[in-house]
Amino acid sequence: MKRTDRVNFILNDFDKDSYSRDLIKWFKEEQRILPWRENQDPYRVWVSEIMLQQTKVDTVIPYFHHFLEKFPDLKTLAEANEQEVLKAWEGLGYYSRARNLQNAVREVVEEYNGVVPANPVDLGGLKGVGPYTKGAILSIAYDTPEPAVDGNVMRVLSRVLRIEEDISKQSTRKLFEELVREIISHEDPSSFNQGLMELGALICTPKTPSCMLCPVQSHCRAFDEGLETELPVKSSKKKQKKSPYLLLLIQNEKGDILIEQRPEDGLLASLWQYPMVPLQDIDRDSVPHWFYGEYGLNIELGESSGQIKHVFSHLIWEMEVVKAKVVSGNLDHGRAKWMNNSDIEDYPFPVSHQKAHSLY
DNA sequence: CATGCGTGGTC
DNA sequence: TGACCAAGCAT
């Protein structure tokens, strides 16, 4: 069946207007008070949507306040140093979000006269603005009836419309976008989209949904058939690979500590860290020799001062933290430098290395 | 379409 | 403790 036919089939016999009315009424009464809901400033909406990608509201709130204080508008963010932006993002994760956001903001300032585009093509062309974020900004900041399909929306609609497609597949998101195009309120698309997400966050939760409190229970096919905990269908992820490392806290004679900047692309791009010895490849006894080859310094290892684990989505670093002292040699490494302990505020670190620093 | 990309919370 | 989850995007 074609997708258009599928959409018509699914929505045949579904009371869109009544559903939309009940959802919006509930949202207006029960929505949480959140800092990015104070007004419709497209910049604030944009920043919040980027921060909220794969990240809980409670985690985002303090970052949002600090970020808006430091970068109150497009121009301020466009003119900031990238390291400053990353420092404000420190601990939030998915750091390419921050770099893409700043790049896109610079593009808006230069190419769009400092006005966030209100049309899908220009907006969706910005770095880091995908189908969801595009729809969220268009509907929330500009009251445009565009779908904003995230994990919440797919969960809620999987249940309400009893859809059994695997929501981890991209084609499934497109199905939901077409469904939302048919259902969305044209009077208040912002409340409709936010209501769908708010419902997913507060009522229609993944494990134990509060169906008895649900404002659209009477519209829900899954509830009707007792299938609410069977939906949505979501294929499972692979489990992470573990990699062992030695993490070195190395002091020189001045008491400065050795740090290095990660590559500009990939994992934790452009962040700073303490030197890490991959024990997968390097024999423990040959660490000083390996280290001399990489950094030009002869070091003497001290006692182990703890274990730190860094769990990523797709891998796990298991790091043994070891203090070390420089015996001789000169630092010869393109991305490494000595950091005075009081300068730590100048360098964005991943969380695992912030923890390591506390052992220093 | 699958994979890489963080982190903290929950059960 | 491990598995799963959370307002996704780029490649």
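In what follows, chains carry the letters A, B, and so on, assigned in the order in which the sequence lines appear, proteins first and then strands, with residues in each chain numbered from 1.
- For DNA chain B, the residues of residues 89-102 of chain A within the heavy-atom distance limit of 4.0 Å (strictly under) are G91(A), L92(A), G93(A), Y94(A), Y95(A), sorted by number.
- For the side chain to side chain donor-acceptor pair (under 3.5 Å) with E260(A), the lone residue among Y274(A), Y295(A), W272(A) that qualifies is Y295(A).
- In this model, the phosphate group of dG8(C) is approached by a side-chain N or O of Q54(A) to a distance below 4.0 Å at OP1 or OP2.
- Nearer to the 5' terminus of DNA chain B, by closest-nucleotide assignment, is the contact made by K169(A) (compared with the other of Q240(A) and K169(A)).
- Side-chain to base pairing of T55(A) with dG6(B): one donor and one acceptor N or O lie within less than 3.5 Å of each other.
- With hydrogens and angles ignored, no donor-acceptor pair closer than 3.5 Å exists between the side chain of S313(A) and the base of dG4(B).
- One P atom belongs to dT3(B), the other to dC4(C), and the distance between them is 16 Å to the nearest Å.
- Between the side chains of Y94(A) and S313(A), at least one donor N or O sits under 3.5 Å from an acceptor N or O.
- Listed nucleotides dG6(B), dG8(C), dC1(B) differ in distance to Q53(A); the shortest reach to its side chain belongs to dG8(C).
- Atom-to-atom, CG of L52(A) to P of dT7(B) comes out at 17 Å; the value is rounded to the nearest Å.
- Between H314(A) and dC5(B), a side-chain N or O to OP1/OP2 separation shorter than 4.0 Å is present.
- By the side-chain hydrogen bond (donor to acceptor under 3.5 Å, both in side chains) test, S305(A) is found to be paired with no residue, residues two or more places apart in sequence or in another chain being considered.
- Closest contact between the side chain of Q170(A) and the listed nucleotides dG8(C), dG6(B), dC1(B) involves dC1(B).
- Every residue two or more places apart in sequence or in another chain that forms a side-chain contact (heavy atoms from CB on, under 4.5 Å) with Q280(A) is listed here: S243(A), P244(A).
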